[in-house]
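Please read the structure below before turning to the comments.
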There are 2 protein chains.
Amino acid sequence: MKRNTWQREAVREALSRTEGFVSAQALHASLRGTGSEVGLATVYRALADLAQEGEADSLVQEGESLYRACTPGSHHHHLICRSCGTAVEISADPVEAWARQVAAEHGFTRPEHVVDVFGLCPECSASADETASD
Amino acid sequence: MKRNTWQREAVREALSRTEGFVSAQALHASLRGTGSEVGLATVYRALADLAQEGEADSLVQEGESLYRACTPGSHHHHLICRSCGTAVEISADPVEAWARQVAAEHGFTRPEHVVDVFGLCPECSASADETASD
DNA sequence: TGCTACCTGAGAACGGTTCTCATGGTGCGA
DNA sequence: TCGCACCATGAGAACCGTTCTCAGGTAGCA
Ligand SMILES: [Mn+2]
Ligand SMILES: [Mn+2]
Ligand SMILES: [Zn+2]
Ligand SMILES: [Zn+2]
């Protein structure tokens with residue numbers, strides 16, 4: 001059992017207050033900005049633990065691991081804004097079945113899958129349109 | 001237009017001789033092993049160029065970028081062995097449509113998607129079974 | 001309250017990737 | 001074919017996100 005420290009709770013809380021995916025460093029900077037003196041290594045450790053326990057989702061983008069608070073116990077995927085990181089949880093039942101079937105057809109066992117949809121969220125789409133018309 | 005150098009050609013050839021996804025460093029070691037004196041930075045540059053031009057696919061696994069020769073011009077995905085890196089190109093037409101629809105439903109524009117299926121290939125599945133029964 | 005195993009944090013170390021810059025070769029024009 | 005300008009190359013340094021180290025601190029338990 002993990003000990004309860006104010007540092008871990010601070011990370012959990014900061015993550016849950018964040019809309020989209022954030023990096024460990026950004027979360028650490030955000031915590032420091034509010035006066036918290038949590039260490040960077042602790043933020044990394046807390047995020048890794050949260051991800052392992054299923055309380056956070058993670059993905060890698062441009063060499064950086066990004067994290068997001070996650071509704072535990074439910075397998076799901078994400079629709080993520082490339083510009084601001086905002087994410088929507090989506091179910092992908094047809095894709096789950098397709099992935100299992102594809103693996104089986106080729107004799108692959110213990111299938112897992114990575115499915116992420118990226119795009120520009122409505123807000124960022126609007127901004128992009130303005131910029132384009134300048 | 002990129003210049004034609006024996007280094008770039010060597011990288012292209014080494015990549016096409018490789019069954020599955022390989023890292024830049026592994027490909028460099030392989031080239032060095034055959035007597036080629038290509039530099040590591042050049043391998044990185046050549047692989048980045050090939051990926052950009054659509055002649056190579058890439059994915060990130062455990063903090064490392066992996067590359068694979070790709071049949072150009074065709075959008076496809078991969079079924080990849082977690083153990084040995086062997087990959088099978090798969091089409092995912094139902095997933096393409098699903099991804100576009102999900103993005104549209106949430107007002108996201110310019111959708112892209114990341115879809116990879118991982119598993120153990122038949123050979124590695126057999127090896128894993130032997131190990132497990134020891 | 002006291003004990004102890006575990007957590008924390010500053011900085012060092014790590015590993016993959018990119019950058020620097022002197023050197024060398026490609027492609028092109030003459 | 002020859003010469004030149006410009007781009008590619010490669011060794012090593014720099015970079016950057018992440019993990020490790022270890023001394024000091026603290027949660028949890030009796
Ligand atoms: Mn899924
Ligand atoms: Mn696709
Ligand atoms: Zn956005
Ligand atoms: Zn395999």
Side-chain angles (χ1 to χ4, degrees), chain A residues 1-15 18 20-53 55-68 80 82 85 114 116, chain B residues 1-15 18 20-53 55-68 80 82 84-85 114 116 118:
Chain A
M1 196 63 171
K2 292 281 174 210
R3 287 185 184 173
N4 295 323
T5 62
W6 64 264
Q7 289 95 334
R8 273 173 202 273
E9 190 51 35
V11 169
R12 193 196 305 270
E13 211 169 42
L15 191 64
T18 307
F21 281 83
V22 283
S23 68
Q25 309 223 14
L27 203 63
H28 178 243
S30 156
L31 283 162
R32 283 301 180 98
T34 66
S36 172
E37 299 206 346
V38 63
L40 178 58
T42 299
V43 173
Y44 272 104
R45 287 188 282 238
L47 287 174
D49 289 345
L50 289 172
Q52 174 131 16
E53 293 159 15
E55 292 190 53
D57 288 312
S58 69
L59 62 88
V60 178
Q61 200 172 29
E62 292 172 25
E64 233 184 354
S65 284
L66 304 181
Y67 296 86
R68 179 176 196 266
I80 304 142
R82 273 194 298 273
V114 175
D116 291 305
Chain B
M1 196 62 172
K2 290 281 174 212
R3 288 186 183 173
N4 295 324
T5 62
W6 63 263
Q7 289 96 335
R8 273 173 201 271
E9 190 50 35
V11 170
R12 192 196 306 270
E13 210 168 43
L15 191 64
T18 307
F21 280 84
V22 283
S23 68
Q25 309 224 12
L27 203 64
H28 178 243
S30 157
L31 283 163
R32 284 300 181 98
T34 67
S36 172
E37 300 206 347
V38 63
L40 178 58
T42 299
V43 174
Y44 273 103
R45 288 187 280 238
L47 288 174
D49 288 346
L50 289 172
Q52 173 132 15
E53 294 160 14
E55 292 189 55
D57 287 311
S58 69
L59 61 89
V60 178
Q61 201 172 28
E62 292 172 23
E64 232 183 354
S65 285
L66 304 181
Y67 296 86
R68 180 175 196 267
I80 305 143
R82 274 193 298 272
C84 69
V114 175
D116 292 305
F118 294 87

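The sequence lines fix the lettering, A, B, ..., with proteins before strands; numbering per chain opens at 1.
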May I ask you to say what Gln25(A) touches in the nucleic acid, namely base, sugar-phosphate or nothing, with a heavy-atom cut-off under 4.0 Å?
-> base

Is a side-chain donor or acceptor of His28(B) paired with a backbone partner of Val38(B) at a separation under 3.5 angstrom?
-> yes

Approximate separation, where rounding is to 0.5 Å, of [X] [atom1] and [Y] [atom2]:
X	Y	atom1	atom2	value
Asp116(A)	Ile80(A)	CG	CD1	4.5 Å
Glu13(B)	Thr18(B)	CD	OG1	11.0 Å
Tyr44(B)	Ser65(B)	OH	OG	8.0 Å

Residues touching DNA chain D, which here means a heavy atom under 4.0 Å, drawn from residues 29-36 of chain A = none

Protein-nucleotide distance ([X], atom [atom1]; [N], atom [atom2]), rounded to Å:
X	N	atom1	atom2	answer
Leu47(A)	dT19(D)	CG	C1'	14 Å
Glu9(A)	dT8(C)	CD	P	12 Å
Leu66(B)	dT17(C)	CG	C1'	14 Å
Glu37(A)	dA10(C)	CD	C1'	13 Å
Asp49(A)	dC6(C)	CG	P	14 Å
Leu40(A)	dG11(C)	CG	P	12 Å

Closest heavy-atom contact between Thr34(B) and Leu31(B)?
-> OG1-O, 2.8 Å

At their closest point, which heavy atom of Val43(A) faces which heavy atom of Ala24(A), and how far apart are they?
-> CG1-O, 3.6 Å

Tell me whether the side-chain N/O atoms of [X] come closer than 4.0 Å to OP1 or OP2 in [N].
X	N	answer
Ser65(A)	dT18(D)	yes
Tyr44(B)	dT17(C)	yes
Gln7(B)	dG10(D)	yes

List, with names and distances, any nitrogen or oxygen atoms from the protein found under 3.5 Å away from nitrogen or oxygen atoms belonging to nucleotides 26-29 of chain C.
residue: dT26(C); atom: O2; partner: Arg3(B); partner atom: NH1; Å: 3.3
residue: dG27(C); atom: OP1; partner: Asn4(B); partner atom: N; Å: 2.8

Take Tyr67(B) and Leu15(B), measure what side-chain contact (heavy atoms from CB on, under 4.5 Å) needs, and give me the verdict at the end.
-> CA-CA 8 Å; Tyr67(B) 296 86; Leu15(B) 191 64; 4.2 Å; yes

Only residue of Arg3(B), Arg12(B), Arg8(B) satisfying salt bridge (charged side-chain N to carboxylate O under 4.0 Å, His left out) with Asp49(B) is Arg8(B)

After noting the C-alpha distance and the side-chain angles of Gln61(A) and Phe21(A), does the key distance pass the side-chain contact (heavy atoms from CB on, under 4.5 Å) rule?
-> CA-CA 10 Å; Gln61(A) 200 172 29; Phe21(A) 281 83; over 6 Å; no

Want to settle it: does Arg45(B) or Glu64(B) sit nearer the 5' end of DNA chain C, counting the closest nucleotide to each?
-> Glu64(B)

